[in-house]
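Below is one structure, written out as structure tokens; comments come after it.
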There are 2 protein chains.
Amino acid sequence: MESISYKEAAAVFQLLSHPVRLHILDELRRGEACVCHLQTILQRPQAYVSQHLRVLRAAAVVEGQRNGLNIYYHIVDDRVLRLLAELLGPAQDARSVPICPCPSCAGD
Amino acid sequence: MESISYKEAAAVFQLLSHPVRLHILDELRRGEACVCHLQTILQRPQAYVSQHLRVLRAAAVVEGQRNGLNIYYHIVDDRVLRLLAELLGPAQDARSVPICPCPSCAGD
DNA sequence: ATATTTCATGCAGTGCGATGAATATAGTGT
DNA sequence: ACACTATATTCATCGCACTGCATGAAATAT
């Protein structure tokens, strides 16, 4: 692996230096989730969640794929997964209960 | 082992989210160093290095012990060591050449 | 085409971190 | 006591990230 500069490494840590982004990423570790999931779990306004998702998207840490009206996000950066595991511990089990009115929660 | 909150975890990442602090910590991974070492290596004003050391000290990531005029710093937080290793790779070998006019560099 | 739902974007206010300059403190030697 | 060196602290400025609010864009349904 090519060595990473301090500036680049700092940028990665910077992404993880916000509690809301950490919460989002920790949820995404459990499996992909649409914005309405995250909105419900975080108890934050949709626009607010979306802003943080944009930061993570711009840094190529997460990716979203559209499915009808909903966009499902997932983590695509392995370094970030390892850093999360190092500090937060292993990921929780996948969700099983519906948490929002999206099709996959409705069992539709 | 106790689980860490997102806020606390974010604070740890925050400490690592600055290139100068990362450089300082990466140097300290190689062994303890006095401020004049760091000043020489980073090519930054003394007060600037000292400011960042204060941040790391306040967060209990580093500790300094006085030896005459000089204060030698070292890392005391294992989580930080693991996070650095995860993103920067293993620590470099210990320094061998003198880099500043402090007693230990002068071989005094 | 209109309406509804889901998500994204633009903009503005505010606070905090980063950096520099000047000054203070602690230790050493005379 | 005085001077000198190493490090810390205080203060002030500046830019950027955070956050809220309002609006825009994409997909779906009637």
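All figures in this text were calculated on a predicted structure; none of them were measured in a lab. Naming: A, B, ... by sequence-line order, numbering from 1 per chain.
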Does the side chain to side chain contact (heavy atoms under 4.5 Å, CB included) test come out yes or no for B/Leu15 and A/Phe13, once each step is laid out?
CA-CA 8 Å; B/Leu15 293 171; A/Phe13 285 124; over 6 Å; no

Considering only side-chain heavy atoms of B/Arg54, which listed nucleotide, C/dT19, D/dT19, D/dT9, is closest?
D/dT9

With heavy atoms under 4.0 Å as the rule, sort A/Arg21 into base, sugar-phosphate or nothing.
sugar-phosphate

Report the C-alpha separation of A/His18 and A/His52 in whole Å, then their side-chain angles, then the decisive distance to 0.1 Å, and conclude whether the side chain to side chain contact (heavy atoms under 4.5 Å, CB included) test is met.
CA-CA 9 Å; A/His18 194 289; A/His52 284 295; 3.7 Å; yes

Between B/Ile24 and B/Val62, is a side chain to side chain contact (heavy atoms under 4.5 Å, CB included) present by the stated rule, with each step listed?
CA-CA 10 Å; B/Ile24 290 175; B/Val62 303; 5.9 Å; no

Do the side-chain N or O atoms of B/Arg66 get closer than 4.0 angstrom to the phosphate oxygens (OP1, OP2) of D/dT5?
no

Taking the nucleotide of DNA chain C with the closest heavy atom to each, which residue, B/Asn67 or B/Ser17, is nearer the 5' end?
B/Ser17

OP1 or OP2 of D/dT9 less than 4.0 angstrom from a side-chain nitrogen or oxygen of B/Arg57, does that happen here?
yes

Expressed as a whole number of angstroms, how long is the span from B/Leu22:CG to C/dG17:P?
17 Å

Checking side-chain hydrogen bond (donor to acceptor under 3.5 Å, both in side chains) against B/Glu27, which of B/Arg95, B/Gln92, B/His37 comes through?
B/Arg95

Using a cut-off of 6.0 Å, state whether more than 12 heavy atoms not belonging to B/Gln46 lie near its atom CD.
yes

Taking only side-chain nitrogens and oxygens of A/Asn70, does any of them come within less than 4.0 Å of OP1 or OP2 of C/dT5?
no

In whole angstroms, the gap separating C1' of D/dT7 from NE2 of B/His37 amounts to 15 Å

Using atom CD1 of A/Ile71 as one end and atom C1' of C/dT6 as the other, report the distance to the nearest whole Å.
8 Å

Check the distance between C/dC7's P and A/Leu42's CG and give it to me in whole angstrom.
13 Å

Determine the contact category for B/Leu69: base if any of its heavy atoms lies under 4.0 Å from a base atom, sugar-phosphate if only primed atoms, P, OP1 or OP2 are that close, otherwise nothing.
base

A/Gln14 CD to C/dC16 C1', in whole Å, measures 12 Å

B/Ala47 side chain, from C-beta outward: closest of C/dG20, C/dT9, C/dA21:
C/dA21

What integer distance in Å separates A/Leu38:CG from C/dC7:P?
9 Å

Does B/Gln51 make a side-chain donor-acceptor contact with the base of C/dA18, cut-off 3.5 Å?
no

Measure the distance from CG on A/Leu53 to P on C/dA8 and round it to the nearest whole Å.
6 Å

Of A/His52 and B/Gln46, the one whose closest DNA chain D nucleotide lies more 5'
B/Gln46

Distance, rounded to the nearest Å, where B/Arg44 contributes CZ and D/dT7 contributes P
18 Å

